[in-house]
4 protein chains.
Amino acid sequence: MARTTTTPPDGRFQSPEVRRRQILDAAAELAVSEGLESTSIARVAEAAGLAKGSIYLHFASRQDLLAGLQADLWQRMLATPNDIVSDDTLSWSTRLSAVVEHWMRFEFEHHGLYHSVFHTIATDSDEPLEAARSLLAELIHRGTDAGEFHTGGLDAGVVVEFLLNGYVGPCFHHTNADTAIDTVRQLFNRVLGITTS
Amino acid sequence: MARTTTTPPDGRFQSPEVRRRQILDAAAELAVSEGLESTSIARVAEAAGLAKGSIYLHFASRQDLLAGLQADLWQRMLATPNDIVSDDTLSWSTRLSAVVEHWMRFEFEHHGLYHSVFHTIATDSDEPLEAARSLLAELIHRGTDAGEFHTGGLDAGVVVEFLLNGYVGPCFHHTNADTAIDTVRQLFNRVLGITTS
Amino acid sequence: MARTTTTPPDGRFQSPEVRRRQILDAAAELAVSEGLESTSIARVAEAAGLAKGSIYLHFASRQDLLAGLQADLWQRMLATPNDIVSDDTLSWSTRLSAVVEHWMRFEFEHHGLYHSVFHTIATDSDEPLEAARSLLAELIHRGTDAGEFHTGGLDAGVVVEFLLNGYVGPCFHHTNADTAIDTVRQLFNRVLGITTS
Amino acid sequence: MARTTTTPPDGRFQSPEVRRRQILDAAAELAVSEGLESTSIARVAEAAGLAKGSIYLHFASRQDLLAGLQADLWQRMLATPNDIVSDDTLSWSTRLSAVVEHWMRFEFEHHGLYHSVFHTIATDSDEPLEAARSLLAELIHRGTDAGEFHTGGLDAGVVVEFLLNGYVGPCFHHTNADTAIDTVRQLFNRVLGITTS
DNA sequence: AATGAATGAGGCTTCATTCAT
DNA sequence: GATGAATGAAGCCTCATTCAT
């Protein structure tokens, strides 16, 4: 039949994957602009150009939607850094710098959404958060082993938490992003005893 | 019913100041134990031993109450550090250490309440947050002038934000508080180029 | 003060007991006219002259309201019969007749509401239903012992269920109530082997 | 996707009659296991192996489906009894016994579905219910004329309603089915003045 | 004949806020 | 000052029904 038309005439009918993404994007935008708690199903539906009930074709509940948003953000936050850490052509301090830059740009773009998602949503698993911690912990550990970093007996867990929270602060106030990133990179270096000659 | 007049045996009639304090304390306790969003007027009233309507004799709205709570917390967070910074018998690095310890203990005690108040409540003024920034900024500035800290041309605003957020991270995970505080103090030292001989 | 006015000017403020009764009455009326499932909170509130939210000052949930309605009906259904059964000045067959009449008039008045409440609402306890069964079972048992009834070895439980359901049937169709009651009384007599000379 | 044309390997295309039956059977099963109100279109479709929308190719609305279910049940309830009543090789009391047994077994099998269908669904016509009444009324009338039953001037309509409701009661509580049936048969005999010598 | 994404009315429930007492 | 019954807007969710494919 006429089943060949892959592009529907208007946007009324969409494949589940597309719709799911549209909804998540709408939710993310709302969450950024109005806060997570104000991100109601009604608002999301409106922003996504759907009826309220249609949200439930893609998410079992508001909690589920929020969890999906969280997972989505985490995955975007972690994908590139994972690649960076695995790239053995780079020195450890270069990898660290690259990860910091990625995270900060991500945070600038989302203007703190990560932070509210981070601290507000109750999910069953802290998996992705743990993944971020592990990533940074491993990076530090291996850079130290390689003689590039010098943590001098500091509690590794505390250092990781400190850095992971610290870089977020400068992202909230729109000073020049490049300056902020550059400064934070140097702060990471100081914390990890990296001497940039 | 048969109880006729004046001064009731229990604490039913209180001066406005006392009542206000009772309400704020009840709200803070609830916010710590159940989260800011779950802190409803009904729950606060119940915890404060008042009827719902009576809350409105002391606060214009829920927002007002939450703003009061915020101001209260900031107040508590800043009072002692202000004293510390003014104490000229101490070296700048000692003052810094003392402020960090105060803030971290405060955070540990309130189990992240500060953080959610910080990030959730929309207030008209960022006054107190600005005050915290100023405090730390001044401390760093004067310590640098005194030759105790060495920030080497780093953007002061970024450093302040970095530190102000960084110390919060380790407070969420109940590793031993003393270890966390000690480690964070050393991290501050590293960031500010303080050499502890 | 002016606390003496027991009758409020209009019906806006009522004591909890009065309101609870008004709500239950409204709910019963709706349940009779439209069926239990159609008895929504919104309809009940409207019928009771209240806002939707006000229902929840008196009932924890729709289930709770329905359970309250059920309990209310059962209690009205069982109070008088209990008295009748205890009245030792009457013969057992007279008591039986009186109970049947009470139940049937009750059913006529409520036009089958008992029946839908009986079969629809999921309550934690079947207490009151069990109470009705017990009442009839005891009445039959003691009337048999007294030599007034002759059940001749029939399974007591089955007989009770049979009678308890049977009398309801004629109440649905508005034949003359008195005729129906009189006929059902005779049917009970036949079932229980009572000879009315 | 790659599956090209005609006659699919599974039972996807069916004649309307077969589909209708499949849907009704699925609905009946669901109604028995979960109650009439919980029998949603979505559940029925799922149980029948169809998409939601396809139900509407066979029934105009949910009400229509429920009415169909009702008609179906009545049909099954009345077919055999009609044959029994027409079987002139049997005495009237034997026919009565056989009808009672059929009805009770039917009720036991469906675990009260008949009852909820009976009392919940609003249909335009009470035709089938009337048919059941007529059947029993005729049976009683002709048995009385034949001298087998002795109703002694009791109101026929009331007696029919009484019996029609009465037999249902014992079916709800899983005492032994055979005992229940046997007992109810005797109760019918008592009501109709049948002496079993 | 079949699908299933989309709809939107309607149901339950919560909660900040008001106001007569 | 204090109360608490009452309100009503707003939130989450379900489900019968439609319709483009």
Side-chain angles (χ1 to χ4, degrees), chain A residues 1-5 8-16 18-19 37-43 45 49-63 65, chain B residues 8 12-16 19 38 40-45 50-63 65, chain C residues 1-5 8-16 18-19 37-43 45 49-63 65, chain D residues 8 12-16 19 38 40-45 49-65:
Chain A
M1 317 287 175
R3 189 65 65 91
T4 38
T5 41
D10 61 347
R12 261 171 62 88
F13 289 86
Q14 295 291 344
S15 71
V18 172
R19 269 284 183 258
E37 296 299 329
S38 308
T39 302
S40 67
I41 293 287
R43 302 288 301 263
L50 285 174
K52 259 186 307 182
S54 304
I55 301 292
Y56 291 88
L57 298 174
H58 304 278
F59 298 92
S61 67
R62 184 179 181 262
Q63 272 312 304
L65 168 59
Chain B
R12 287 224 308 157
F13 290 91
Q14 297 291 344
S15 71
R19 271 280 182 260
S38 307
S40 65
I41 293 287
R43 302 286 301 264
V44 172
L50 285 174
K52 248 191 310 185
S54 305
I55 300 289
Y56 288 86
L57 299 173
H58 302 276
F59 296 91
S61 67
R62 183 176 183 262
Q63 272 312 304
L65 168 59
Chain C
M1 316 286 174
R3 189 64 66 90
T4 37
T5 41
D10 61 349
R12 260 171 61 87
F13 289 86
Q14 295 292 342
S15 71
V18 172
R19 269 287 183 256
E37 296 299 328
S38 308
T39 302
S40 67
I41 293 288
R43 303 288 302 262
L50 285 174
K52 259 187 306 182
S54 303
I55 301 292
Y56 290 87
L57 298 175
H58 304 277
F59 298 91
S61 67
R62 182 176 182 264
Q63 273 310 306
L65 168 59
Chain D
R12 286 223 310 157
F13 291 90
Q14 297 290 344
S15 71
R19 270 283 182 257
S38 307
S40 65
I41 294 287
R43 302 286 302 264
V44 172
L50 285 174
K52 248 193 309 186
S54 305
I55 300 288
Y56 288 86
L57 298 173
H58 302 276
F59 296 91
S61 69
R62 183 175 182 262
Q63 273 311 306
D64 190 35
L65 168 59

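To find a chain, count down the sequence lines: A is the first, B the second, and so on, and within it residues start at 1.
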Over how many whole Å does the gap from [X] atom [atom1] to [N] atom [atom2] extend?
X       : N      : atom1 : atom2 : value
C/Glu37 : F/dC15 : CD    : P     : 12 Å
A/Phe13 : F/dT18 : CZ    : P     : 14 Å
C/Arg19 : F/dG4  : CZ    : P     : 17 Å
A/Leu65 : F/dG11 : CG    : P     : 14 Å
D/Leu50 : E/dA1  : CG    : C1'   : 10 Å
A/Gln14 : F/dC19 : CD    : P     : 19 Å

Pair pattern of DNA chain F in dot-bracket, where unpaired bases get dots and | marks partners in another strand, Watson-Crick or G-U under 3.5 angstrom: .||||||||||||||||||||

Check: B/Arg19 and B/Leu57 side chains under 4.5 Å, non-hydrogen atoms: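 A side-chain contact is absent here, since even the closest heavy-atom pair is not under 4.5 Å.
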
Non-hydrogen side-chain atoms of A/Ile41 and A/Phe59 separated by less than 4.5 Å: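 No, side chains not in contact.
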
Minimum-distance nucleotide (side-chain atoms of A/Arg62 versus F/dA6, F/dC12, F/dA2):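 Of all the options, the side chain of A/Arg62 is nearest to F/dC12.
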
Residues forming a side-chain contact (heavy atoms from CB on, under 4.5 Å) with A/Ala51, sequence neighbours excluded: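 A/Ala51 satisfies side-chain contact (heavy atoms from CB on, under 4.5 Å) with A/Ser54 only.
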
Of B/Ser40 and D/Gly49, the one whose closest DNA chain E nucleotide lies more 5':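 Taking each residue's closest nucleotide, the earlier one in sequence belongs to D/Gly49.
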
Where C/Ala42 and C/Lys52 come nearest, the two heavy atoms and their spacing: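 Closest approach of C/Ala42 to C/Lys52: CA-CG, 3.8 Å.
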
Closest approach of A/Arg43 to A/Ser38 (non-hydrogen atoms, all atoms of both residues):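 Taking every non-hydrogen atom into account, CG-O, 4.2 Å.
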
Spatial distance of atom CZ (D/Arg62) from atom CD1 (D/Ile55) [nearest 0.5 Å]: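 CD1 of D/Ile55 is found 12.0 Å from CZ of D/Arg62.
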
Below 4.0 Å: OP1/OP2 of F/dC15 and any side-chain N or O of D/Arg43: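 It does not, given that no N or O in the side chain of D/Arg43 lies less than 4.0 Å from OP1 or OP2 of F/dC15.
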
Comparing D/Ile41 and A/Ser38 on DNA chain F - which has the more 5′ nearest nucleotide: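 Whichever sits nearer the 5' end wins; that is A/Ser38.
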
Residues touching DNA chain F, which here means a heavy atom under 4.0 Å, drawn from residues 52-61 of chain A: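 A/Lys52, A/Gly53, A/Tyr56, A/Ser61 - these, ordered by number, are the residues of the stretch whose heavy atoms sit under 4.0 Å from the strand.
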
